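Working notes for the structure below.
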Amino acid sequence: MSLEKQIEDRKRKLKELKVKGIEPYPHKYELTARASEIKQGSEDFQNKQVRIAGRVLSVRKHGKTTFSNILDDVDIQIYLRKDTLGDKYDIFELFDIGDFVGVVGKVFKTRTGEITVLVEDFTLLSKSLRPLPEKWHGLKDIEARYRQRYIDLIANPVVKETFFTRNNVIRIMRDFLNEHGFVEVETPILQPLYGGATARPFTTYHNVLNKELYLRIADELYLKRLIIGGFNKVYEFGKDFRNEGVDRFHNPEFTQLEAYQSYADYFDIMELLEEMFEHLSLEIKGGLSLEYQGNEINFKRPWKRIKFFDALLQKTECNFKNKSFDEIKSKAEELNIVVDEGITKGKLYDIIFSKLVQQDCIQPTIVYDYPVEISPLAKRKEKEPGVAERFEPIICGLELGNAFSELNDPIEQRRRFEEQGRLRDLGDEEAHLLDEDFLTALEYGMPPTGGFGLGIDRIAMIFTNSPSIRDVILFPQLR
RNA sequence: GGGCCGUUAGCUCAGUUGGCAGAGCACCGGAUUUUUAAUCCGGGAGUCGCAGGUUCGACUCCUGCACGGCCCA
């Protein structure tokens, strides 16, 4: 039957129910148990009366008896008999798969041992007008799963598990930081000037203020202002927005955790992150290892640590440190890396690194001491010109975040911004903007500080063994 | 931006060399008092992603477009 006819038929049943004086959309229903409690503690519930509710998933009718499964937090079988329900039994004829039903009845075990509620009374809680996907193939069409995630959640129970795990990741990290004396804050998403990352922004407009605003690409510069203001340890979970392509690892809006700790440097941050990931793995997986897309990952401290230029040296037998742009470019071409016209030295480093090194970092790896050209907010390394105190944690070839000893010298920071300005003039649209207000704040003095940003979606991918970022975002961006 | 693959009933999928549009589930009618992918009998359900082209004839071949996926940039 066509979809239209099926909807018509359900509306017909809706009318019939109303004619019989049944309200199809009542306001509430008192529960005494959840399906999961009944199933787990079945002995305690045996022969006890319960009130439960859920969405009808399947109906097996045998004349004067009917079995049905309803989906609460888990699904549970209910059993209706004409001899217990009398005339009311026939009302169930007007129920469809997808309807919400409330049930009063006694818990028992069927012949085959399945925990079941023998229905003594039932109530329509919400009439569904559209048919659900079929029961055992579920909903497979990837586009439909993303566009109509609510159906995906009903049809594919594993999806709910993924998002419970995502929730756990965030909760455990938040608890961890709270226990380590960090204070959670909220900073502006609408910013007059965007900064803190190398990316293009989304632009919007405030009518009353009559000015352009940007959706933040990072929280960094505001959190540092709070360090300047005297917060010793701060963090923020929030959405950042980057106006770039959409693929398996990128969604234009994504969740980031940023944290800053005063009097710390990037080595302290490395240890903090290692500890946090160990803790996360223990809490979620019950151990230090997990499988991600066929790779066995172990979070045990200390992680492998390798310097940016040493990693490149190992791969290419070429020392890229302190080389001129032309030297790096010709070496890249030698390595069959396509170099776009007008690329900057920093971008070139970035491409070579992600092509040659990042892919192969399967176990948790800390790559540190990045080229200063691509680290405009990180402190320069003492006695090592060209290198900044910056690291990235990489797992399964996935860049999970970014961390520095934060640059707190206002004069040096101004020079770095000015250098970014030159790159912008040469056409690099992702170069950082000079933020005069931030420089003013720095001029008041920022203590030595270590900080990090972590991509929460990617971490959720790893802990849920999801191949695509869209699997861990409830409503991912589609065209 | 480029390459490859996909789009057929509400869902999951077949569709042969270009020759009547198919199945299972779901749905509708009937039988059925412990089923669980219930079973049995009967039924109807389609803008074959969209727009062109080739052809006597297109789900099928060609071109363009849209949406999605993977890979590359």
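Predicted model, so just to flag it, every value in this text is computed and none were measured. Chain identifiers are assigned alphabetically (A, B, ...) following the order of the sequence lines, protein sequences preceding nucleic acid strands; residue numbering begins at 1 within each chain.
Ranking B:C27, B:A66, B:U34 by closeness to the A:Arg479 side chain, first place goes to B:A66. In the set B:A73, B:G29, B:G68, the nucleotide with an atom closest to the side chain of A:Lys355 is B:A73. For A:Thr116, the listed nucleotide lying nearest its side chain is B:U35; candidates were B:U32, B:U35, B:U34.
Taking the centre and axis of the six-membered ring of A:Tyr368, the NZ or CZ atom of A:Arg305 falls outside the cone set by 45° and 6.0 Å.
At a threshold of 4.0 Å, the pair A:Asp90-A:Lys82 counts as salt-bridged, since one of the basic side-chain nitrogens sits closer than that to a carboxylate oxygen. For A:Lys109 and A:Glu43, the salt-bridge test passes: some basic side-chain N is under 4.0 Å from an acidic carboxylate O. Salt bridge present: A:Arg422 and A:Glu419 bring a charged side-chain N and a carboxylate O closer than 4.0 Å.
With hydrogens and angles left out, the side chain of A:Glu134 and the base of B:G10 share no donor-acceptor pair within 3.5 Å. Below the 3.5 angstrom threshold, one finds no donor paired with an acceptor across the side chain of A:Lys64 and the base of B:U32. For a distance-only test at 3.5 Å, the side chain of A:Thr110 qualifies as a donor-acceptor partner of the base of B:U35. Between the base of B:U34 and the side chain of A:Arg111 there is no donor-acceptor pair shorter than 3.5 Å.
Between A:Lys135 and the phosphate of B:A26, there is a side-chain N or O to OP1/OP2 separation shorter than 4.0 Å.
A:Glu114 comes within contact range of at least one nucleobase, with a heavy-atom separation under 4.0 Å.
Here B:G68 sits opposite B:C5 as a Watson-Crick or G-U wobble pair (both hydrogen-bonding atom distances under 3.5 Å). Both distances falling under 3.5 Å, in either a Watson-Crick or a G-U wobble arrangement, place B:G42 opposite B:C28.
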